[in-house]
Amino acid sequence: MSRDPDDVNKLTESTYKNVVEQFNPALRNLVNLGKSYEKSVAAMTLAGKAYFDGICRIGENAAVSPVSRELGVVLMEISETQRRIHTELDEIFKKFHREIITELEKKTELDVKYMTATFKRYQSEHKLKQDSLERSHSDLKKLKRKSQGKHSTKYEIKENECLEAISSRQTEMHRFIADGCREALMEEKRRFCFLVDKHWAFTSQISDFHEKAREMLAEKLPNWHDKCSDGTQVPDSVMNMIEGLHTPETSPQMERHGVRNPEIRSQSNLELVIPPPAPALKAQTSPLASMFTQDAPRSPLSVDHNSESADQDSLGSSSLSGSASVSSGGVAMIRKLRVVTIFPHTAGNNDTLLSFDDGELITLLVHEEKDGWLYGEMDKTGRRGWFPSSYCRPCSDPAAVNRL
């Protein structure tokens with residue numbers, strides 16, 4: 001359907017005005033909103049990282065427990081998976097800033113100048129052509145007035161030439177208006193197309209991100225759920241340890257001699273204890289340890305054979321007639337299993353370490369020193385944990401020998 005040239009010209013001008021006065025200001029506002037969007041996602045990512053770092057620390061504490069080790073591993077896996085998801089999201093928003101916000105910011109500044117200049121050029125050329133056409137119409141009117149006199153034939157040729165000029169200028173004017181309208185509409189469409197294309201790409205990246213996250217979580221979620229589905233289930237290794245504590249083994253030699261001392265049975269049961277992993281760092285040496293060099297400090301696991309012989313003689317002389325005596329090896333074992341603290345030690349927030357004051361007795365549950373750490377049970381509180389070997393000395397407790 002054909003339209004009047006004036007209507008087409010009005011459409012062209014309204015299109016340019018829409019881009020300059022509405023579209024470009026909206027892009028400026030969109031840039032500001034996009035920057036706020038980036039900040040909120042960055043804050044969410046940072047908070048999520050801190051949260052799942054906390055989950056990881058709790059998982060590390062659980063991993064040293066014999067009964068909760070698997071759950072600790074699950075917590076650390078959840079933390080690592082969420083970290084990877086947040087890292088991927090952070091990469092997407094770096095592209096969002098680079099490919100959308102930065103591009104919109106530059107395009108808006110340039111587009112305001114370009115569209116303003118294009119609109120002014122169109123209006124200027126339209127005015128020139130309109131003025132030229134109006135002058136031709138004015139000339140034609142003058143010729144018609146003159147041709148009405150005596151010499152009408154004299155102006156007939158000029159009148160025909162003027163009519164041809166008017167027709168040519170009208171055709172040119174219509175073509176200019178049509179081309180200007182087409183160009184204005186295409187400029188408008190190019191801007192909306194640019195905006196849609198950029199956000200289509202961003203939406204596609206978000207879709208890929210969610211698909212990857214779904215695949216990653218779908219692979220791990222069933223296993224995580226299985227680990228926490230039954231809170232009463234105890235690992236076999238822990239059950240074996242508990243059963244071993246309830247039904248201690250007695251050597252044939254001890255049965256033959258009738259040894260039933262509960263302290264000796266408890267010492268044999270301690271061999272079944274499964275301690276948590278030793279601390280990764282080497283144990284600190286007490287700064288006051290040098291004060292005891294005159295007493296010739298020894299490792300808690302060392303054995304003094306002279307005192308061993310003396311204890312054996314004392315034990316033999318105090319034995320009742322007819323009762324079986326315990327070998328010197330048994331006395332040495334008791335001496336090796338008990339130490340006395342000579343300095344106070346604070347464990348802090350680490351649940352696998354022991355806190356104690358000086359002068360407390362500790363029964364060793366692990367007979368081998370690991371990077372300066374020993375594992376034992378406090379006689380006073382029954383609490384178990386690792387502690388520095390330099391904070392204790394071998395226990396010389398005559399009462400323990402007499403009880404045996």
Side-chain angles (χ1 to χ4, degrees), residues 49-83 224 226-246 266-267 269-287 289 299-301 337-393 395:
K49 182 180 182 301
Y51 178 82
F52 287 105
D53 283 348
I55 290 289
C56 183
R57 286 192 293 272
I58 295 175
E60 290 173 353
N61 290 335
V64 301
S65 168
V67 73
S68 302
R69 184 175 294 121
E70 291 184 346
L71 296 175
V73 172
V74 169
L75 288 174
M76 289 188 285
E77 287 182 357
I78 290 174
S79 174
E80 175 62 19
T81 302
Q82 291 292 342
R83 185 193 65 79
W224 293 347
D226 291 342
K227 299 296 183 184
C228 67
S229 59
D230 187 0
T232 61
Q233 186 177 2
V234 179
D236 294 339
S237 59
V238 178
M239 289 300 299
N240 293 336
M241 178 190 72
I242 296 174
E243 293 297 330
L245 291 174
H246 289 168
S266 65
Q267 296 294 340
N269 288 336
L270 294 177
E271 301 294 333
L272 301 174
V273 173
I274 302 176
L281 298 178
K282 189 173 182 180
Q284 68 270 26
T285 301
S286 173
S299 169
L301 301 183
L337 288 179
R338 294 168 68 83
V339 295
V340 59
T341 61
I342 56 176
F343 306 117
H345 178 256
T346 302
N349 295 328
N350 194 333
D351 295 336
T352 64
L353 302 183
L354 279 181
S355 295
F356 49 75
D357 296 324
D358 58 321
E360 297 193 28
L361 292 177
I362 299 178
T363 300
L364 296 185
L365 304 181
V366 175
H367 299 170
E368 294 182 1
E369 186 176 326
K370 298 182 180 180
D371 291 333
W373 295 99
L374 292 173
Y375 187 79
E377 179 180 279
M378 294 182 62
D379 290 8
K380 182 178 180 180
T381 62
R383 182 174 176 80
R384 297 180 178 183
W386 295 93
F387 60 94
S389 61
S390 63
Y391 281 56
C392 62
R393 291 169 57 83
C395 175

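Computed from a predicted structure; not experimentally measured. Just so it is clear, the values below take in all heavy atoms, side chains as well, and ignore hydrogens, waters and symmetry mates.
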Do any side-chain atoms of residues 55-62 form donor-acceptor pairs under 3.5 angstrom with protein atoms, and if so which ones, sequence neighbours left out?
none

Q: Go through the steps to decide whether Arg338 and Asp379 satisfy the test side-chain contact (heavy atoms from CB on, under 4.5 Å), and finish with yes or no.
A: CA-CA 9 Å; Arg338 294 168 68 83; Asp379 290 8; 2.9 Å; yes
Q. Between the side chain of Ser79 and the main-chain N/O of Phe52, is any donor-acceptor distance below 3.5 Å?
A. yes
Q: Could you pull out the closest heavy-atom pair between Arg383 and Asp351, with the gap in Å?
A: NH2-O, 3.4 Å
**Q.** Exercise: identify the closest heavy-atom pair between Met76 and Ala63
**A.** CE-CB, 3.9 Å
Value rounded to 0.5 Å, distance of [atom1] in [X] from [atom2] in [Y]:
X: Cys392; Y: Leu364; atom1: SG; atom2: CG; answer: 7.0 Å
X: Ser389; Y: Asp371; atom1: OG; atom2: CG; answer: 10.0 Å
X: Tyr375; Y: Leu354; atom1: OH; atom2: CG; answer: 8.0 Å

Q.
Measuring centre to centre across the rings, with the benzene-like ring taken for any Trp, is Phe387 within less than 6.0 Å of His345?
A. no
Q: Let me see the working for Val366 and Trp373 under side-chain contact (heavy atoms from CB on, under 4.5 Å), right down to the final yes or no.
A: CA-CA 10 Å; Val366 175; Trp373 295 99; over 6 Å; no
Q. Which is it for Trp386 and Lys370 under the side-chain contact (heavy atoms from CB on, under 4.5 Å) test, yes or no, and what are the steps along the way?
A. CA-CA 10 Å; Trp386 295 93; Lys370 298 182 180 180; 3.8 Å; yes
Q.
Suppose we screen for side-chain hydrogen bond (donor to acceptor under 3.5 Å, both in side chains). Which residues come up paired with Arg83, at least two apart in sequence or across chains?
A. Glu80
Q) Heavy atoms, side chains only, cut-off 4.5 Å: are Val340 and Leu361 in contact? A) yes
**Q.** Glu77, CD atom: more than 12 neighbouring heavy atoms under 6.0 Å
**A.** yes
Q: Test side-chain contact (heavy atoms from CB on, under 4.5 Å) on Val74 and Cys228 and set out the steps.
A: CA-CA 9 Å; Val74 169; Cys228 67; over 6 Å; no
Q.
We want to know whether Asp357 and Thr341 form a side-chain donor-acceptor pair, criterion being a heavy-atom distance below 3.5 angstrom.
A. no
**Q.** Lys380: salt bridge (Lys or Arg N to Asp or Glu O under 4.0 Å) partners, not counting sequence neighbours
**A.** none
